[in-house]
Amino acid sequence: MPSRIPENPQAASAQPKSAAKVAPIRGGEPLDQEEILALPAPWGLHYGDELPDAHIAFRLVGPAQAPLVAVLGGISAHRIVSGAEGWWPELVGPGHGIDTTQYRVLGIDYLGGRGGSSAPETGKKFPPLSSYDQARALCRIVEHLGAGPLHAIVGASYGGMVALCFAEVYPERVGRIVVLSAADKSQVLSTAWRSVQRQIVREAIARGDGPSGLKLARALAMATYRSSVEFELRFGTAPVRETHGFRFPIEDYLFARGDDYVQKYRAETFLALSESIDLHRMDATRVRTPATLIAVREDQLVPFHDMQGLAARLNGPRQLIEINSIFGHDAFLKEGAALTPIVKRAISEPLL
């Protein structure tokens, strides 16, 4: 039976039905197919729970017979990767680093996240999710498509974690992986920051005001995504005295980002996927898939030495590429000009 995926990717689908929608899209990209895929029941999860009526939404863009590339982002990402509504238009699209006239690009809505996939409902318990669970759902999509193995997975942040898990468990289903700002486990300091964010949100939900907690959590998160150099350049001017006390320039930026975030995301989905980041721990020694790792020197959340450690533990061909960016962990979203040639070579050149 047909199941229309909401145009707005934050709208959750309540119907675990499977159907395809094929239509031309704007921007010169030749094919657009969207589907909500019902996952086999019971859908068991990595930590022993089950997800009832499990389903995952995905989107395909690009020529039907072109090599298939899965593109996965952070926990705020969704199935719309390219174009005006996409979360990575600088890297994905016609003539871009991941060229949608040469590759068929697969984007997904994460389990537990925004969009059309299974996600938490307000006031209801949702089971813990692992990056292995996302990899397994991605594998199910690949099997469903019947197009053979993925040419590549390009994963940034949480998406890089999922790419690593996929390569570990399903090596025969992917030719290569490109991992940006993600390691084989979360570092403890990053978990400390995210733990405080989650507690802020939980306490706000308990008061019946989840959005206010999500706003503060996002503001705090923004301080970890970027670098001290960027903030000094942009917000290093003197505070302004107001009736209630001094107001610092950085405050307006952080809280504006929080206000914007709550218009698009729900507190419950944030909790589910933030926790999933910190639960991430995979066995890099089992990965023999060719890998390109891209590390950012100024990344506070995934420090360069964590990426070096990952590279040392991988057992397949790999290369570690280092870039500098004042945007820190958000470099994958902000440094399109620097990343485009790196990613383009990583997915197009002969295997290492």
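As the structure is a computational prediction, the values presented were derived from the model and not from experiment.
Annotation: cation-pi pair Arg79/Phe58 absent, no NZ/CZ under 6.0 Å from the ring centroid and within 45° of its normal. Under a cutoff of 6.0 Å and an axis angle of 45°, Arg140 and Trp43 do not form a cation-pi pair.
The closest side-chain donor-acceptor pair between Ser181 and Asp299 falls under 3.5 angstrom. Checking His144 against Glu35 by side-chain atom types alone, a donor-acceptor pair falls below 3.5 Å. Donor-acceptor pairing under 3.5 Å is recorded for the side chains of Ser325 and Glu335. Under 3.5 Å, the side chains of Ser117 and Asp109 contain no donor-acceptor pair of N or O atoms. Side-chain atoms of Arg194 and Gln199 include no donor-acceptor pair closer than 3.5 Å. There is a side-chain donor-acceptor pair under 3.5 Å between Ser76 and Tyr261. Tyr132 and Glu168 form a side-chain donor-acceptor contact under 3.5 Å, judged by distance and modelled atom types alone.
Atom CG of Asp184 sits about 8.5 Å away from atom CZ of Arg281, to the nearest 0.5 Å. For the atom pair CG (Leu271) and CD (Gln197), the distance works out to 10.5 Å, reported to the nearest 0.5 Å. One finds the CH2 atom of Trp87 at 9.0 Å from the NE2 atom of His78 (value rounded to the nearest 0.5 Å). With rounding to the nearest 0.5 Å, the separation of CD in Glu90 from OG in Ser82 is 11.5 Å. Taking CG of Leu111 as the reference point, atom CG of Leu273 lies at 9.0 Å (rounded to 0.5 Å). Atom CG of Leu310 is separated from atom CG of Leu293 by 5.0 Å, given to the nearest 0.5 angstrom.
Under a 3.5 Å cut-off, the side chain of Ser276 and the backbone N or O of Ala272 do not form any donor-acceptor pair. Of the possible polar contacts, none joining the Asp209 side chain to the Ala204 backbone as a donor-acceptor pair under 3.5 Å is found. Remark: the backbone N or O of Ala311 is paired with a side-chain donor or acceptor of Arg318 at under 3.5 angstrom. Between the side chain of Arg288 and the backbone N or O of Leu314, no donor-acceptor pair lies under 3.5 Å.
For the pair Gln300 and Ser227, the minimum side-chain heavy-atom distance is 4.5 Å or more. At a threshold of 4.5 Å between non-hydrogen side-chain atoms, the residues Thr224 and His329 do not count as touching. Between Glu275 and Arg198, the closest side-chain pair of non-hydrogen atoms falls below 4.5 Å. Within the 4.5 Å cutoff, side-chain heavy atoms of His151 are placed close to those of Tyr103. Pro128 has its side chain within reach of Asp49: a pair of non-hydrogen atoms, C-beta onward, lies under 4.5 Å apart. Put simply, the side chain of Lys264 reaches to within 4.5 Å of the side chain of Asp260, judged on heavy atoms. Using a 4.5 Å heavy-atom threshold, the side chains of Val71 and Leu106 count as separate. Between Thr292 and Arg176 the shortest side-chain heavy-atom distance does not fall below 4.5 Å.
A ring-centre distance under 6.0 Å is found for Tyr253 and Phe235. Side-chain rings of Tyr158 and Tyr110 approach one another, their centers coming within less than 6.0 Å.
Note: the hydrophobic cluster containing Tyr225 does not contain Phe255 (ILVMFWY, side chain heavy atoms under 4.5 Å, direct or indirect links). Neither Ile326 nor Phe332 shares a network with the other; the hydrophobic side chains, linked directly or stepwise wherever heavy atoms of I, L, V, M, F, W or Y lie under 4.5 Å apart, form separate groups for each. Note: the hydrophobic cluster containing Ile277 does not contain Tyr47 (ILVMFWY, side chain heavy atoms under 4.5 Å, direct or indirect links).
Contact between Cys165 and Met282 at its shortest, heavy atoms only, is SG-CB, 4.0 Å. Listed here is the closest heavy atom pair of Val262 and Pro211: CG1-O, 3.3 Å. Summarising the geometry of Pro249 relative to Pro239, their closest heavy-atom pair is CD-CA, 4.1 Å, with the distance given to 0.1 Å. When all heavy atoms of Val69 and Val154 are compared, the closest pair comes out as CG1-CG2, 4.1 Å. Taking both residues in full, the closest heavy atoms of Ala135 and Tyr170 are given as O-CE1, 3.8 Å, listed atom of the first, atom of the second, then distance.
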Next on the checklist: Gln33 vs Arg104, test: side chain to side chain donor-acceptor pair (under 3.5 Å). Steps then yes/no.
Outcome noted: CA-CA 11 Å; Gln33 175 181 333; Arg104 198 174 195 199; 3.1 Å; yes
Checklist entry - What do the steps show when you test Thr340 against His96 for side chain to side chain donor-acceptor pair (under 3.5 Å), and what is the final call? => result CA-CA 7 Å; Thr340 290; His96 289 48; over 6 Å; no
Item to check | Derivation of the side-chain contact (heavy atoms from CB on, under 4.5 Å) call for Phe166 and Leu150 | outcome: CA-CA 11 Å; Phe166 193 101; Leu150 291 162; 4.0 Å; yes
Next on the checklist: For His280 and Ser131: C-alpha separation, side-chain torsions, deciding distance, then whether side chain to side chain donor-acceptor pair (under 3.5 Å) applies.
Outcome noted: CA-CA 6 Å; His280 174 71; Ser131 40; 2.7 Å; yes
Checklist entry - Stepwise, does the side chain to side chain donor-acceptor pair (under 3.5 Å) test hold for Arg313 with Thr285? => result CA-CA 5 Å; Arg313 288 184 284 275; Thr285 65; over 6 Å; no
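Within a 6.0 Å radius of CD in Glu242, other residues, nucleotides and ligands contribute more than 12 heavy atoms.
Among the candidates Leu138, Ile347, Val178, the single residue satisfying the side-chain contact (heavy atoms from CB on, under 4.5 Å) test with Ile153 is Leu138.
Between Asp252 and Arg247 a salt bridge is recorded (basic side-chain N to carboxylate O distance below 4.0 Å).
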